[in-house]
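For reference, the structure discussed in these notes is given below.
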Amino acid sequence: MILVTGGAGFIGSNFILDWLAHSDEAIVNLDQLTYAGNLNNLAALRGDARHLFVRGDIGDQSLVAALLARHRPRALVHFAAESHVDRSIAAPSQFIATNIGGTFALLEAARAYWHCLPEPERAGFRFLHVSTDEVYGSLAPDEAAFTERSAYAPNSPYAASKAASDHLVRASFHTYGLPTLTSNCSNNYGPYQFPEKLIPLMIATALAGRALPVYGDGMQVRDWLYVGDHCAALRRILAAGRPGEVYNVGGENEMTNIDVVRTLCDLLDVAAPARASYRQQITHVADRAGHDRRYAVDAGKLRRELGWTPAEHFASGIARTVHWYLAQRAWADEIASGAYRDAHWPAGGAA
């Protein structure tokens, strides 16, 4: 048994589906179902006894302690976070509460549980904290990619809150010995991503015939990581990562935002043609405050030590992604209407 937090979100739900496709080891999924939590992501697991959903807050230490005591997981995989930069700029307090306070409460509950475990369970327990490359700040065009030794220099409230949570995880290992692992990933894309993020937003907006808003000159560079590759990396880190270590997970696909949008337009021109090319809908808007120009991570440590490499190139991953969103328009429509909030728990009810 493993305990996953935030398993109804984008990366968390993909991780659960991926995990149960490769293993029969059960999962307890703790998610508060804030606006980005969507149980429709896990509809394929409805009635599957390997998946037990619990609606709750990671900051509720008594709830987390009860789940740990009842299910005795061998690992805790922590996805739960507020993650949208624009929202963090407009209303940062929830990011501080969830990403810092929530992570601290989760670490404390996990530490108390781990401390009381008998051997060999105690030695085998792992706390995997899933974080972001945004903690490292911004790179110049000719700078080398971020490594695990790069200094932290977060530039948004979101990035600062994740940086703080990374430090709390590190301190829990170095002070108390809690066997933690941290991953810092680049920009994810793929199925089930909430449509406030660039790729699903552009797909939905293009299909609706509306203007495609691109911040500033669109030359901001991101390293794009297909979510399935990220899930494979996390499984590998959990299986073989060294406690106390940090592992960068990158897709090795640096692209400017404007090129991502143009690629999406070209794919939609073929798969869902309109009267004119979707490129004509591209509109440049005022840039985001404090917008980082470039992120890129060096995943060499993960490749050398654990043997992971991404399976998808951007061309193959983005084609799969566009195909998925075109085939799953009902999923997106339910988010747009708000109906996704009425989804039933996919397995087991409350624990």
Side-chain angles (χ1 to χ4, degrees), residues 8-18 21 36 38-45 83-84 86 185-232 250-285 310-340 343:
F10 164 47
I11 303 175
S13 61
N14 273 281
F15 176 83
I16 289 174
L17 293 169
D18 179 80
N38 186 355
L39 287 177
N40 287 332
N41 296 359
L42 299 165
L45 300 178
S83 66
H84 191 46
D86 285 352
C185 70
S186 59
N187 278 39
N188 278 223
Y189 68 100
Y192 301 113
Q193 189 168 27
F194 199 79
E196 66 187 357
K197 298 298 179 75
L198 178 67
I199 287 174
L201 174 65
M202 291 297 156
I203 294 172
T205 305
L207 293 173
R210 300 194 300 270
L212 301 176
V214 175
Y215 279 133
D217 59 8
M219 296 303 292
Q220 305 86 358
V221 175
R222 301 294 183 260
D223 175 17
W224 292 95
L225 173 66
Y226 187 69
V227 68
D229 284 333
H230 188 193
C231 292
E252 300 176 0
N253 292 292
E254 289 190 53
M255 299 274 291
T256 63
N257 285 348
I258 189 64
D259 282 341
V260 170
V261 175
R262 288 168 178 161
T263 299
L264 289 170
C265 290
D266 294 345
L267 289 168
L268 290 171
D269 282 343
V270 174
R275 288 186 176 182
S277 171
Y278 290 102
R279 285 194 180 208
Q280 295 187 20
Q281 296 170 222
I282 296 173
T283 303
H284 291 266
V285 298
E312 298 289 347
H313 297 291
F314 187 77
S316 61
I318 199 64
R320 291 181 63 178
T321 300
V322 169
H323 176 78
W324 187 90
Y325 281 98
L326 289 175
Q328 301 292 333
R329 294 197 196 189
W331 177 88
D333 289 344
E334 289 200 343
I335 293 178
S337 70
Y340 75 102

In this structure, CD1 of Ile199 is separated from CZ of Arg222 (nearest 0.5 Å) by 12.0 Å
Does Tyr278 use its side chain to pair, donor to acceptor, with the backbone of Ala272 at less than 3.5 Å? yes
Main-chain N/O of Asp223 paired to Asn187 side chain as donor or acceptor, under 3.5 Å: no
Expected output: side-chain Asn38 to main-chain Ala36 donor-acceptor under 3.5 Å: no
N/O donor-acceptor pair under 3.5 Å between Asp229 side chain and Ala311 backbone: yes
To the closest 0.5 Å, what do you measure between NE2 (His323) and CD (Gln328)? 9.0 Å
Taking all atoms of both residues into account, what is the closest heavy-atom pair of Gly251 and Pro310, and its distance? O-CG, 3.9 Å
Of all heavy-atom pairs between Leu212 and Ala206, which one has the smallest distance, and what is that distance? CD2-N, 3.4 Å
Return the CD1 to SG distance between Ile11 and Cys231, rounded to the nearest 0.5 Å. 8.0 Å
Going through the checks in order, is the side chain to side chain contact (heavy atoms under 4.5 Å, CB included) test met by His284 and Ile258? CA-CA 10 Å; His284 291 266; Ile258 189 64; 4.1 Å; yes
Of Tyr340, Phe10, Tyr325, Trp324, which is the lone residue that meets ring-ring contact (aromatic ring centres under 6.0 Å, His included) with Tyr192? Trp324
Shortest non-hydrogen pair, Ala8 vs Leu39, comes out as CB-CD2, 4.2 Å
So do Glu312 and Ile318 actually touch side chain to side chain, heavy atoms under 4.5 Å? no
Side chains of Leu326 and Leu207: closer than 4.5 Å at any heavy-atom pair? yes
Side chain proximity check, Gln193 to Thr321, heavy atoms < 4.5 angstrom: no
For Tyr189, the ring pair (Phe, Tyr, Trp, His ring centres under 6.0 Å) test, sequence neighbours excluded, returns Tyr226, Phe314
All side chain to side chain donor-acceptor pair (under 3.5 Å) counterparts of Asn14, not counting sequence neighbours: none
Minimum heavy-atom distance Ala211-Thr205, with the two atoms named: O-CG2, 3.1 Å
Spacing of CG belonging to Asn40 relative to CD1 belonging to Ile335, to within rounding of 0.5 Å: 8.0 Å
What I'd like to find out is whether the side chain of His84 reaches to under 4.5 Å of the side chain of Lys197, using heavy atoms alone. yes
Minimum heavy-atom distance between Arg210 and Gln281, given as atom pair plus value: O-NE2, 2.7 Å
Rounded to the nearest 0.5 Å, what's the gap from CE on Met202 to CD1 on Ile282? Could you check? 8.5 Å
Atom CD in Glu252, atom CG in Leu225: separation rounded to 0.5 Å? 10.0 Å
Tightest non-hydrogen contact, residues Val221 and Glu254, listed as CG1-OE1, 3.5 Å
Do Asp269 side-chain atoms and Ser277 backbone N/O form a donor-acceptor pair below 3.5 Å? no
